[in-house]
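Worksheet: the structure to be examined is printed underneath.
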Amino acid sequence: MKKDIEIPETHPRYKSLLYREKIVEGIEKKIVVLQGLIAHGRGECFDYLIGEETIPPAMDAIKAAVAALLLARHPVLSVNGNVAALTPGEIVRLAREVGAKIEVNLFYRRRGREEAIKEELIKHGAEEVLGVGEDADTKIPELGSERRRVSSRGIFIADVVFVPLEDGDRTEALRKMGKTVITVDLNPLSRTARYANITIVDNIVRALPKMIEVAIELKNKSREELEKILDNYDNEEILKKVLRYIIKRLDNLAEAGVTESL
Ligand code: PTJ
């Protein structure tokens, strides 16, 4: 695809600009919806607050999330447009490491999008992608949005579901179905962040590579060791730590002078 502009690697905000380009390319490929631009911008804003790095409470959540995925009988990774545009290869790799299925699930389900996302995931090595066309053959009860349409071989029977960059309604509905819900969301105050069992407050572009590393490390551990990680995990406590981290960071910046860190 011809690019409008080349972003110089020396640009101080190179990575951030690169991810924006990926989202824009995703729109051109019909993977991302225009609303995805707004969601991405909101994410960028929260990323500034945590300092654009994986903070300690996020790392704890990553370990618990991977332990839950490894312990699951039917783990499923749910993929939407933004996730497919930013981290298609990482989703495929994580699914392989934890033995999970991949399912497309869209808020803005439009003709051609599901197929475009499936194609992108297959291009990045996925062997099977659920939730596309006829495969989204059943519904999550009590959910009004298009996200209710799921695969009876995937999310419907899953015991652990990974739903990055999600909306709160489905998280709540999945929890009501008795499933363990894991999310990645830069906004610690979103409904998804607060409804999920495990909330990774980090950028998906940093969280997924770390989840893959942790999966490689944890997959040889015993079930008892993995269960211990989960038993010691408290999502409410993690969200409090995230908020305290942001408050402290901003307070330190205010003390030291905001321009000092430039
Ligand atoms: O592809 P679709 O049709 O399923 O639609 C996907 C979007 C993301 C447009 C849809 O789910 C949506 O509108 O989501 P929300 O309600 O805007 O929520 C997205 C959440 O993800 C927000 O809380 C953002 O802060 C957060 N977010 C955005 N980008 C990132 C992120 N979190 C982690 N990493 C990101 N890169």
Side-chain angles (χ1 to χ4, degrees), residues 43 46 54-80 82-84 86-87 90-105 107 130-131 140 147 150 154-219 221 223 226-239 241-242:
F46 281 99
T54 304
I55 63 175
M59 206 56 224
D60 289 344
I62 284 174
K63 283 182 197 144
V66 172
L69 287 167
L70 287 169
L71 284 167
R73 269 175 290 112
H74 295 294
V76 176
L77 312 186
S78 178
V79 178
N80 66 20
N82 285 41
V83 173
L86 291 172
T87 49
E90 290 84 349
I91 282 285
V92 173
R93 180 81 199 275
L94 179 66
R96 202 171 296 144
E97 296 301 340
V98 300
K101 292 202 159 131
I102 300 175
E103 178 162 341
V104 175
N105 184 275
F107 190 82
L130 303 176
I140 299 174
R147 284 212 191 281
V150 291
I155 289 171
F156 196 74
I157 56 155
D159 49 348
V160 178
V161 199
F162 178 60
V163 292
L165 282 63
E166 177 70 5
D167 62 278
D169 279 11
R170 186 167 66 132
T171 307
E172 194 182 355
L174 291 172
R175 292 270 331 244
K176 276 194 190 151
M177 288 174 85
K179 300 177 194 301
T180 296
V181 181
I182 303 167
T183 194
V184 176
D185 193 330
L186 276 161
N187 178 3
L189 302 174
S190 77
R191 289 177 71 246
T192 309
R194 292 187 284 162
Y195 274 125
N197 298 82
I198 302 175
T199 306
I200 303 166
V201 181
D202 198 9
N203 197 317
I204 186 89
V205 300
R206 291 188 302 269
L208 276 180
K210 293 207 167 61
M211 288 178 82
I212 295 165
E213 270 174 41
V214 172
I216 293 167
E217 190 189 312
L218 290 189
K219 71 180 180 186
K221 304 271 183 213
R223 285 191 75 82
L226 297 177
E227 276 159 4
K228 206 165 142 204
I229 295 174
L230 269 191
D231 288 349
N232 290 332
Y233 184 80
D234 179 346
N235 208 45
E236 175 69 27
E237 209 38 59
I238 289 295
L239 289 174
K241 282 186 183 167
V242 170

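All figures in this text were calculated on a predicted structure; none of them were measured in a lab.
Between G43 and L186, the closest heavy-atom pair is O-CD1, 3.3 Å. Listed here is the closest heavy atom pair of A61 and Y233: CB-OH, 3.4 Å. Counting all heavy atoms, side chain and backbone alike, I140 lies closest to A173 at CG2-CB, 3.7 Å. Of all heavy-atom pairs between L130 and G154, the closest is CD1-CA, 3.6 Å. Of all non-hydrogen atoms in T183 and A193, the two that sit nearest each other are CG2-CA, 4.4 Å. Smallest separation of non-hydrogen atoms from S78 and P164: O-CD, 3.5 Å.
For the salt bridge (charged side-chain N to carboxylate O under 4.0 Å, His left out) test, residues two or more places apart in sequence or in another chain that qualify with R170 are E166. Taking D185 as the reference, nothing meets the salt bridge (charged side-chain N to carboxylate O under 4.0 Å, His left out) condition, with sequence neighbours excluded. Contacts of N232 classified as side chain to side chain contact (heavy atoms under 4.5 Å, CB included), with partners at least two apart in sequence or in another chain: K228. For R96, there are no salt bridge (charged side-chain N to carboxylate O under 4.0 Å, His left out) partners at least two apart in sequence or on another chain. The salt bridge (charged side-chain N to carboxylate O under 4.0 Å, His left out) search around D234 returns none, not counting sequence neighbours. Under the side chain to side chain contact (heavy atoms under 4.5 Å, CB included) criterion, P188 pairs with F46, V201, L239, V242, L243, I246, not counting sequence neighbours.
Side-chain atoms of E97 and V66, non-hydrogen and from C-beta on, never get closer than 4.5 Å to each other. F107 has its side chain out of reach of L165: every pair of non-hydrogen atoms, C-beta onward, lies at least 4.5 Å apart. At a threshold of 4.5 Å between non-hydrogen side-chain atoms, the residues V160 and L71 do not count as touching. When side chains are defined from C-beta on, T87 counts as touching V205, because their heavy atoms get closer than 4.5 Å. The shortest distance between side-chain heavy atoms of L174 and I155 falls below 4.5 Å. Between T54 and I62, some side-chain heavy-atom pair lies under the 4.5 Å cut-off.
Listed for the R194 side chain is a donor-acceptor partner under 3.5 Å among the backbone atoms of L189. A distance-only check finds no donor-acceptor pair linking the side chain of R93 to the backbone of I212 [under 3.5 Å]. The closest donor-acceptor contact from the side chain of N197 to the backbone of T180 lies at 3.5 Å or more, if one exists at all. Proximity of a side-chain donor or acceptor of K179 to a complementary backbone N or O of F156 within less than 3.5 Å is detected.
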> Can N82 and I204 be said to form a side-chain contact (heavy atoms from CB on, under 4.5 Å), step by step?
Replying inline: CA-CA 10 Å; N82 285 41; I204 186 89; over 6 Å; no
>> Could you walk me through whether L230 and I198 satisfy the side-chain contact (heavy atoms from CB on, under 4.5 Å) test, starting with their C-alpha distance in whole Å, then the side-chain angles of each, then the deciding distance to 0.1 Å, before giving a yes or no?
In response: CA-CA 10 Å; L230 269 191; I198 302 175; 4.0 Å; yes
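Salt-bridge formation is not detected for the pair E237/K241: no Lys NZ or Arg NE/NH1/NH2 atom is positioned less than 4.0 Å from an Asp or Glu carboxylate oxygen. Salt-bridge formation is not detected for the pair D169/R147: no Lys NZ or Arg NE/NH1/NH2 atom is positioned less than 4.0 Å from an Asp or Glu carboxylate oxygen.
The CD1 atom of I200 sits 12.0 Å away from the CD1 atom of I55 when rounded to the nearest 0.5 Å. Taken to the nearest 0.5 Å, the CG atom of L94 stands 5.0 Å off from the CG atom of L77. A distance of 8.0 Å separates CD1 in I91 from CE in M211, rounded to the nearest 0.5 Å.
Of the candidates T171, T192, N187, N235, T199 forms a side chain to side chain donor-acceptor pair (under 3.5 Å) with just one, namely N235.
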